[in-house]
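The structure appears below as structure tokens.
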Amino acid sequence: MAAVPSRVIRFHRTGEPLAVLEEERIEISDPPNGRVRVRVLATGLNPADWELCRGFLPGALPRGIGYDVAGIIDAVSAEEAPGGSNAAADASNGGNSAADAGDGVNSPADAGDGGDGGGGAGGAGRRARNRNEPAGVGDVVFGTADFIEQPSAGAADVALLNTWYRVPAGLDPVQAATLPMVVQTAAWTLETMGVGPGATLLVHGAGGMVGYAAVQIALRRGARVVATAGPTFAADLEGFGARVTTYGEGMPDRVRMLTGGDDVDLVLDAPRPSPGTLTDLIALAGGDPGRVMTISNHEEARRLGARVNLDELRPGLTPPATLLPEYASLATQGAFRLPIAKSYPLEKWRDAVALSLSGNPHGKVMLLPGREAPA
């Protein structure tokens, strides 16, 4: 094995993303222990990336963006050969995941268009395996880029992954690359909240990707779901089985119309930061702030006594090595999905960043290194 050249998108100082991000050409090293190197096919951008640029999870610079990756393995560490589905991050479940950093901005805690955490994708066991055959050189995998310990991440031609899982037959790698941060954030947050059969859950902000995923996951857990969302995804959410109303003035009354006047058992606050909404959400939960968890409105929640997902994500939750292959399989069957707003070739990364930063991209924003943007 030998280091290989790559374009990378990264920052050498913190600040507003479009002011500090640069496209550079560097060499990507042989993968260290617990890593594989991939030729990137697709990278999902998340609001957590922009929080990293602004100083979230401070660490050594330069640092790259792009946590969610699909690619073709071109090298494995000696420890992993002849192939494996590791997760150095799988070892503690990722309760501290960058996924947390994001969708909540759709949250840096939600980092993932998704949850907030701090130190990688978590982990379920030092060498957790895929549900399918271990992956090796030449295989198409999806997983998470090592943006903590490496000077670049998934927004690149070549990336080092610290978790990886074989892309199931029949699933487009681009779709696979939408999953990691959002699924981890939504699933771990719902698990931490104790969402289960018979509970009535309000997902506020279900038009963001963490909220959109949370609706599907909560329904699979047997919950009754009420969701707030704009018109773009209202029909999708209703099709999944949620009762849907709009955001904005009068929202609490509209929610109560859907619940027959009853309080909800639990509330997941999932939009981008929206100061001033938590008081209404707490009232809908019977006035109990402990029944409300946010992925984005952190300081307001702490002040009001509501819960913040990044404060509570912990080891012992469903590990990525179980969670991500499961949801990739469901996506293959059409039983779970995340919409893609727009895909860009790597050289159009500034346009991709701008769309994600717009606050309302209507789906995942994807980079496709080495490919032309779809017509």
Side-chain angles (χ1 to χ4, degrees), residues 8-24 42-69 96-121 144-148 150-156 159 177-178 180-182 184-185 205 207-212 270-275 294-299 308-310 338 340-344 346 348-367:
V8 300
I9 311 303
R10 62 182 187 171
F11 56 98
H12 292 255
R13 58 187 175 89
T14 58
E16 284 305 302
L18 285 170
V20 299
L21 287 169
E22 303 174 19
E23 179 179 334
E24 301 178 276
T43 297
L45 299 179
N46 293 293
D49 290 313
W50 321 137
E51 296 309 306
L52 289 172
C53 291
R54 295 171 179 137
F56 179 71
L57 299 180
L61 297 175
R63 175 175 287 180
I65 60 169
Y67 178 80
D68 302 334
V69 179
N96 279 351
S97 165
D100 278 344
D103 184 41
V105 301
N106 242 82
S107 154
D110 207 357
D113 199 84
D116 187 4
T144 60
D146 183 1
F147 65 89
I148 295 292
Q150 303 297 326
S152 63
T178 68
M181 185 170 284
V182 169
Q184 290 174 157
T185 300
M209 291 301 92
V210 169
Y212 189 96
R272 295 170 185 267
S274 51
T294 187
I295 65 174
S296 56
N297 292 298
H298 303 158
E299 295 310 313
V308 176
N309 72 333
L310 67 85
L338 294 174
I340 293 173
K342 192 170 182 179
S343 298
Y344 296 85
L346 188 62
K348 297 291 186 180
W349 64 269
R350 286 189 172 274
D351 293 339
V353 172
L355 177 60
S356 182
L357 285 168
S358 71
N360 201 19
H362 300 308
K364 291 282 291 188
V365 178
M366 309 298 292
L367 290 174

> Does a side-chain N-to-carboxylate-O contact under 4.0 Å join Asp351 and Lys342?
Replying inline: no
One should read off an interatomic distance between His362 NE2 and Met209 CE, to the nearest 0.5 angstrom, of 9.5 Å
ask   = Would you say Leu45 and Leu367 make side-chain contact, with heavy atoms under 4.5 Å?
value = yes
Non-hydrogen side-chain atoms of Ile9 and Leu346 separated by less than 4.5 Å
yes
Are Glu22 and Val8 close enough that some pair of their side-chain heavy atoms sits under 4.5 Å apart?
-> no
**Glu16 vs Arg54 side-chain heavy atoms within contact, under 4.5 Å** = yes
Heavy atoms of Glu24 and His12 approach each other most closely as OE1-NE2, 2.9 Å
All heavy atoms of Tyr344 vs all of Ala352, minimum pair found to be CD1-CB, 3.5 Å
Closest heavy-atom pair, Met366 versus Ala42, reported as atoms and distance to 0.1 Å, is CE-CB, 4.3 Å
Shortest non-hydrogen pair, Val69 vs Ala145, comes out as CG2-CB, 4.0 Å
dist Asp49:CG -> Phe56:CZ (nearest 0.5 Å) comes out at 11.5 Å
Decide yes or no for Ile65 and Leu52: does some side-chain heavy atom of the first lie under 4.5 Å from some side-chain heavy atom of the second? no
Smallest heavy-atom separation, Ala153 atom then Gly66 atom, equals CB-O, 3.6 Å
What one should report as the nearest heavy-atom pair of Pro361 and Arg272 is CD-NH2, 3.7 Å
TODO: For residues Leu21 and Cys53, determine if any side-chain heavy atom of one lies less than 4.5 Å from a side-chain heavy atom of the other.
DONE: yes
query: Within a strict 4.5 Å, meaning less than it, do heavy atoms of the Asp68 and Lys364 side chains meet?
result: yes
